2 protein chains.
Amino acid sequence: MKGRPNIHRDEELVHKAQQLFWERGYSATSLSDLSKATGAGAGSLYNTFKGGKKELFRRSLQERREALHAFERDVENSDNPVALLKAFFLGIADADTEAHLRGCIVANTVVEMTFVDRELEAEAMQLLQDTEALYTTIIRDAQKKGTIKSRQPADVLGKYLITFWCGINSLRRIYPDRDILKQQIALQLQMID
Amino acid sequence: MKGRPNIHRDEELVHKAQQLFWERGYSATSLSDLSKATGAGAGSLYNTFKGGKKELFRRSLQERREALHAFERDVENSDNPVALLKAFFLGIADADTEAHLRGCIVANTVVEMTFVDRELEAEAMQLLQDTEALYTTIIRDAQKKGTIKSRQPADVLGKYLITFWCGINSLRRIYPDRDILKQQIALQLQMID
DNA sequence: TTAGTATTGTAATGATTACTACAAAAGTAA
DNA sequence: TTACTTTTGTAGTAATCATTACAATACTAA
């Protein structure tokens with residue numbers, strides 16, 4: 001290995017950038033904001049992430065894709081994926097107020113980037129669709145096993161859940177309140193009883 | 001009346017600005033964009049709307065409040081408000097692709113403006129809450145009349161519907177498809193049967 | 001040491017931002 | 001006409017934007 005050693009780990013830079021993007025979105029986050037938050041100068045950021053601000057944002061989305069993969073693995077190793085899914089949704093209510101106000105960076109990006117940046121919009125959209133596909137798979141398997149009694153097609157229920165995901169991430173901004181959210185989530189999860 | 005006559009009607013300026021804001025959001029819409037779209041120079045826009053870009057955006061939200069009031073009047077004059085509400089939701093599916101991709105300017109604003117502009121966030125948030133309050137009133141009245149059989153508290157069902165409103169406005173971006181949307185809307189409306 | 005290499009922070013770049021100063025334009029009232 | 005008023009488009013303003021040029025830095029390899 002040659003050259004001056006890295007002072008920042010790429011992962012940490014992306015994580016700190018992601019926090020800013022998650023709160024303020026892409027357009028309202030300036031490179032000066034990112035430089036301050038990460039502690040890395042503009043030169044460093046551009047040397048590390050060749051695509052600049054946009055690449056940094058892409059990496060922030062990719063981190064969410066890894067989170068999705070982690071959840072997929074949890075589902076594969078579980079003997080009750082539906083319970084896992086329900087626990088995931090119910091757990092949202094226990095997050096702190098800041099997390100409620102942030103919502104979901106993927107859903108936020110779809111809203112912000114439509115008509116603004118096709119690439120970022122498409123990547124976020126794909127992430128939502130892949131999440132939906134996971135929901136659908138979980139439901140289909142559970143219907144075969146008889147764990148879910150609803151006769152509604154699995155893909156319809158999958159779309160129902162991704163709709164709910166986007167919806168609850170708006171509701172928690174309006175009502176960052178544990179009890180209200182718990183009640184709403186429990187109510188909506190009845191659909192996959 | 002004195003002075004040089006207006007060449008643009010305020011209403012039309014707001015409407016054209018609203019179309020841009022609705023598509024691209026607040027931050028990604030520049031004053032130069034607004035000037036081109038409205039046909040009015042920057043000087044004219046600032047002379048007409050003293051608060052500049054932000055005031056123009058506020059007026060765009062106010063127009064949506066007027067739309068809410070119009071819907072409130074429809075409800076008051078209707079002998080079956082629940083049918084009106086269901087028709088409103090089902091009608092979303094029939095919109096064109098552009099409208100699907102735009103979503104709801106109010107819900108979009110809540111997402112974009114949290115942590116960015118408290119005032120605009122608060123105004124959009126209030127608009128969503130007022131919409132929710134209308135849903136709740138419609139449901140409460142229908143429960144009294146026996147039109148809705150669900151014993152779920154009216155305010156819980158109201159929150160359910162505003163969650164669905166935000167959710168469906170994300171789903172229609174992913175699937176700007178009449179049939180898929182019709183099915184999802186019909187499914188979710190079963191909750192207020 | 002010495003040469004080579006990659007990262008760092010700073011300072012500049014040119015473009016774009018929201019906004020404003022201002023004079024010309026276009027009307028009314030006397 | 002003349003005086004007055006308001007709107008209009010243009011040409012600025014200062015600030016901020018994303019990006020880059022570059023020299024100093026800090027390491028490895030020889």
Side-chain angles (χ1 to χ4, degrees), chain A residues 1-21 23-61 109 112-113 115-121, chain B residues 1-21 23-61 109 112-113 115-121:
Chain A
M1 183 103 64
K2 264 193 169 190
R4 182 174 175 171
N6 280 4
I7 203 171
H8 304 107
R9 289 197 11 256
D10 289 13
E11 266 185 37
E12 279 191 23
L13 288 178
V14 170
H15 179 73
K16 285 173 182 166
Q18 188 199 46
Q19 288 184 303
L20 267 191
F21 282 136
E23 283 198 352
R24 306 176 56 84
Y26 183 77
S27 296
T29 304
S30 72
L31 211 87
S32 141
D33 292 334
L34 292 166
S35 184
K36 271 181 226 157
T38 56
S44 269
L45 289 178
Y46 275 86
N47 189 57
T48 310
F49 306 99
K50 294 284 152 30
K53 181 183 171 184
K54 190 167 168 179
E55 174 63 17
L56 212 33
F57 193 84
R58 261 192 290 259
R59 297 280 285 267
S60 299
L61 286 181
T109 301
E112 187 189 355
M113 287 312 178
F115 298 108
V116 175
D117 187 303
R118 299 186 89 91
E119 281 180 38
L120 294 180
E121 183 210 1
Chain B
M1 183 99 69
K2 262 192 168 188
R4 183 173 173 170
N6 281 3
I7 205 171
H8 304 105
R9 284 192 22 250
D10 289 13
E11 266 186 37
E12 279 190 21
L13 289 178
V14 170
H15 179 71
K16 285 173 181 166
Q18 188 199 45
Q19 288 183 301
L20 267 191
F21 283 135
E23 283 198 351
R24 306 176 55 86
Y26 183 76
S27 296
T29 304
S30 73
L31 212 87
S32 140
D33 292 334
L34 291 167
S35 183
K36 271 180 224 155
T38 56
S44 267
L45 289 178
Y46 275 87
N47 188 58
T48 310
F49 306 100
K50 293 285 151 33
K53 181 183 171 184
K54 191 166 166 178
E55 174 63 18
L56 213 33
F57 192 84
R58 262 192 289 260
R59 296 279 286 266
S60 298
L61 286 181
T109 301
E112 187 189 355
M113 287 312 178
F115 298 107
V116 175
D117 188 303
R118 299 185 89 91
E119 282 181 37
L120 294 180
E121 182 209 2

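Here is how names work: the chains are called A, B, and so on, in the same order as the sequence lines, proteins then strands, and each is numbered from 1. Heavy atoms only: backbone and side chains are in, while hydrogens, waters and symmetry mates are out. All values derive from a computational prediction rather than experimental measurement.
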Name each donor-acceptor pair under 3.5 Å that joins a side chain in residues 44-52 of chain B to protein atoms two or more places apart or in another chain, with its distance.
{"from": "Thr48(B)", "atom 1": "OG1", "to": "Ser44(B)", "atom 2": "O", "distance (Å)": "2.8"}
{"from": "Lys50(B)", "atom 1": "NZ", "to": "Asn47(B)", "atom 2": "O", "distance (Å)": "3.1"}

Could you go through nucleotides 14-18 of chain D and list every protein N or O atom that sits under 3.5 Å from one of its N or O atoms, giving the distance for each pair?
{"from": "dA18(D)", "atom 1": "OP1", "to": "Thr29(A)", "atom 2": "O", "distance (Å)": "3.3"}
{"from": "dA18(D)", "atom 1": "OP1", "to": "Leu31(A)", "atom 2": "N", "distance (Å)": "3.4"}
{"from": "dA18(D)", "atom 1": "OP1", "to": "Lys53(A)", "atom 2": "NZ", "distance (Å)": "2.8"}
{"from": "dA18(D)", "atom 1": "OP2", "to": "Leu31(A)", "atom 2": "N", "distance (Å)": "2.6"}

When rounded to whole Å, the NZ to P distance for the pair Lys50(B) and dC19(C) reads 14 Å
Applying side-chain hydrogen bond (donor to acceptor under 3.5 Å, both in side chains) to Ser60(B) and not counting sequence neighbours gives none
Taken in chain and number order and not counting sequence neighbours, the residues that satisfy side-chain hydrogen bond (donor to acceptor under 3.5 Å, both in side chains) with Ser27(A) are Glu112(A)
Applying side chain to side chain contact (heavy atoms under 4.5 Å, CB included) to Lys54(A) and not counting sequence neighbours gives Tyr26(A), Arg58(A), Asp117(A), Glu119(A), Leu120(A)
His8(A) atom NE2 is separated from dT7(C) atom P, nearest whole Å, by 13 Å
Those residues at least two apart in sequence (or on a different chain) that pass side-chain hydrogen bond (donor to acceptor under 3.5 Å, both in side chains) with Ser30(B) are Asp33(B)
With sequence neighbours left out, the residues meeting side chain to side chain contact (heavy atoms under 4.5 Å, CB included) with Ala42(A) are Leu31(A)
Practice prompt. Taking the side chain as every heavy atom from C-beta outward, state whether Leu56(B) and Phe21(B) have any pair of such atoms under 4.5 Å apart.
Written response: yes
Once base and sugar-phosphate atoms are separated, protein heavy atoms under 4.0 Å mark nucleotides 24-30 of chain C, 5' to 3', with B, S and - as BBBBBS-
Rounded to whole Å, CG of Leu13(A) lies from P of dG9(C) at a distance of 10 Å
Residues pairing under salt bridge (charged side-chain N to carboxylate O under 4.0 Å, His left out) where one sits in residues 5-14 of chain B, two or more places apart or in two chains, turn out to be Arg9(B)-Glu11(B), Arg9(B)-Glu12(B)
From CZ of Arg9(B) across to P of dT8(D) the rounded distance in Å is 13 Å
Residues at least two apart in sequence or cross-chain that pass salt bridge (Lys or Arg N to Asp or Glu O under 4.0 Å) with Glu23(B), listed by chain then number, are Arg102(B)
Between CG of Leu45(B) and P of dT17(C) the distance, given in whole Å, is 15 Å
Taken in chain and number order and not counting sequence neighbours, the residues that satisfy side-chain hydrogen bond (donor to acceptor under 3.5 Å, both in side chains) with Gln18(A) are Glu63(A)
Asn47(B) CG to dT10(D) P, in whole Å, measures 16 Å
To the nearest angstrom, the NZ-C1' distance between Lys36(B) and dT16(C) comes to 11 Å
Between CZ of Phe49(B) and P of dA18(C) the distance, given in whole Å, is 16 Å
Next item on the list: Evaluate the side-chain proximity of Phe57(B) to Thr109(B): yes if any heavy-atom separation is below 4.5 Å, no if none is.
Entry: yes
Extract from the structure each pairing of a protein N or O with an N or O of nucleotides 10-15 of chain C at less than 3.5 Å, listing the distance.
{"from": "dT10(C)", "atom 1": "O4", "to": "Gly43(A)", "atom 2": "N", "distance (Å)": "3.4"}

